[in-house]
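Only heavy atoms go into these numbers, but all of them, side chains included; no hydrogens, no water, no symmetry mates. Everything quoted here is computed from the prediction, not taken from an experiment. Note that ligands are numbered from 1 as they come in the structure, with each ligand's atoms numbered from 1 the same way.
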Amino acid sequence: MLDRFVMGEVERLSPEAPVPVLRVVSEERRLGGAANVIHNIRSLGGRVTAAGIIGKDEAGKRIVEVLRRVGASTAGVFTDPKFQTIQKSRIIASPHHQQIVRLDRESREPVQAATLKRLRQFILERAERCDGVVISDYGKGAVHHELLAALAASLGAGKILCVVDPKKENFGHYRLPTLITPNKSEAADAAGIEIRDDKTLRAAGAKLLRQWRAQGVLITRGAEGMSLFRPRRAPKHFPTAPREVFEVTGAGDTVVAVCALVLACGGDFENAATVANVAAGFVGDEIGTVAVPFKKLKAKIEELSS
Ligand SMILES: Nc1ncnc2c1ncn2[C@@H]1O[C@H](COP(=O)(O)OP(=O)(O)OP(=O)(O)O)[C@@H](O)[C@H]1O
Ligand SMILES: [Mg+2]
């Protein structure tokens, strides 16, 4: 996914300009969605191979170019000529960084079966040689139930580590992930439990552990931090210092990236949640999807643990 941010100042309505005018001040293009997860992993020093689907278009070329520039392998990025690369353009007005409108460009057609099959084969084969797999599911079709079923077979055999950022489209298909990171509304939706207090949060966490047969469920709760659920253990809450944020696009991408890195490095679930919480706290500092630099994260963790 490619994210575009157009920032500008709104001019007052006048008889000469009967429609609102935004005078563009700056414009940026960044990696979005799963590509932002990859960017986050690279930014923290991880080695990563991208796997996904793009269209035969400018935006697709651009994604591959930027992924390579940040040091990711693009060996698993497949081009489907019938697919339109997903692009989201956000029009933002200063001085309050208010998002006025978002323009989405994406295919309405489902991804071709042959492309899905190539992607699936690539991921399954490559997974065995990697320290872990991250499934950044944006519900756009690349993460397909057959891929999840095939991955579950490897996960059941304890062969790979897999961290999943889930989306509604596949709530019924995730099986045996090492860790899965729904936000609060996704957790409520998937569990069929309205989360209003500690009791309902615990009920949802416990239900999702069973439903997805996960080793860990990490429910992200925006400014309230996150809560970790593990089978036969008391839930653990990780509060965060709530911030006034411009916009938190991509906080969930940072969470899944950091959790995967920490677990792949041999850290435990608590380590993963602690570090992810700190890293995701930085995301709202800037407009748009951003990758957290390693030095900044390290300095903050040292400060918090001294
Ligand atoms: N206002 C905030 N202040 C501090 N930390 C925040 C804030 N919002 C989000 N975070 C951090 O980011 C994490 C993920 O945020 P959230 O639960 O909103 O995920 P999300 O809805 O998946 O985000 P997105 O889909 O926009 O990437 C939180 O668990 C927390 O660590
Ligand atoms: Mg999310």
Side-chain angles (χ1 to χ4, degrees), residues 1-3 5 30-41 43-44 86 88 90 92 96-97 99 102 104 134-140 142-143 163-171 174 177 179-191 195-196 198 201 204-205 208 212 216-229 235-262 269-292 296-297 300-301 303-304:
M1 195 185 292
L2 197 63
D3 275 345
F5 297 85
R30 296 204 178 147
L31 296 171
N36 183 41
V37 176
I38 292 167
H39 192 192
N40 271 271
I41 294 176
S43 172
L44 294 172
I86 303 162
K88 291 186 177 178
R90 296 172 169 86
I92 299 162
H96 302 296
H97 305 288
Q99 200 177 132
R102 198 181 80 191
D104 287 7
V134 180
I135 299 289
S136 165
D137 193 351
Y138 270 80
K140 302 292 186 187
V143 180
V163 182
V164 179
D165 189 2
K167 260 297 173 296
K168 191 182 176 73
E169 286 74 5
N170 282 314
F171 281 167
Y174 304 114
L179 182 67
I180 185 159
T181 65
N183 65 19
K184 191 166 126 184
S185 83
E186 287 157 352
D189 196 6
I195 301 177
R196 345 175 205 94
D198 193 54
L201 175 68
L208 293 178
W212 289 330
V217 171
L218 185 66
I219 302 182
T220 65
R221 300 162 55 209
E224 290 175 280
M226 41 182 79
S227 300
L228 176 66
F229 297 85
K236 206 159 171 192
H237 304 297
F238 298 82
T240 186
R243 295 176 174 225
E244 268 286 351
V245 295
F246 291 143
E247 202 218 10
V248 285
T249 313
D253 300 336
T254 299
V255 169
V256 77
V258 172
C259 285
L261 268 178
V262 173
F269 288 80
E270 281 84 0
N271 298 145
T274 306
V275 182
N277 213 16
V278 176
F282 290 136
V283 176
D285 289 3
E286 274 179 60
I287 295 274
T289 43
V290 282
V292 179
K296 187 174 169 183
L297 179 58
K300 186 71 183 179
I301 287 170
E303 179 197 316
L304 291 172

Backbone, side chain, both or neither: what part of [X] comes under 4.0 angstrom of ligand 1, heavy atoms only?
X	answer
Arg221	backbone
Asn183	side chain
Thr240	side chain

Checklist entry - If you count the atoms of ligand 1 from 1 in the order shown, which ones are under 4.0 Å from a heavy atom of Gly225? => result 28 (C), 29 (O)

Checklist outcome for this item: For Gly250, the atoms of ligand 1 under 4.0 Å from one of its heavy atoms are 26 (O), 27 (O)

Checklist entry - Would you say the side chains of Asp165 and Tyr138 form a donor-acceptor pair under 3.5 Å? => result no

Next on the checklist: Does either side chain, that of Thr254 or that of Asn40, offer a donor lying less than 3.5 Å from an acceptor on the other one?
Outcome noted: yes

Item to check | Option nearest atom 14 (C) of ligand 1 (shortest heavy-atom distance, choices Ala251, Pro166, Pro182, Pro239) | outcome: Ala251

Checklist entry - Is Lys167 paired with Glu186 through a side-chain N to carboxylate O contact shorter than 4.0 Å? => result yes

Checklist entry - Quick check: does any side chain N or O of Ser227 sit under 3.5 Å from a backbone N or O of His237, one acting as donor and the other as acceptor? => result no

Next on the checklist: More than 12 heavy atoms of other residues, nucleotides or ligands under 6.0 Å from NZ of Lys168: yes or no?
Outcome noted: no

Checklist entry - Considering the options Val37, Asp137, Ile135, Ile180, which one meets the side chain to side chain contact (heavy atoms under 4.5 Å, CB included) requirement together with Val256? => result Val37

Under 3.5 Å: N/O of [X] near N/O of ligand 1:
X	value
Met226	no
Gly281	no
Gly252	yes

Item to check | Residue of the set Arg90, Arg30, Lys88 for which side chain to side chain donor-acceptor pair (under 3.5 Å) holds with Asp3 | outcome: Arg90

Item to check | Any Ala241 heavy atom less than 4.0 Å from ligand 1 | outcome: yes

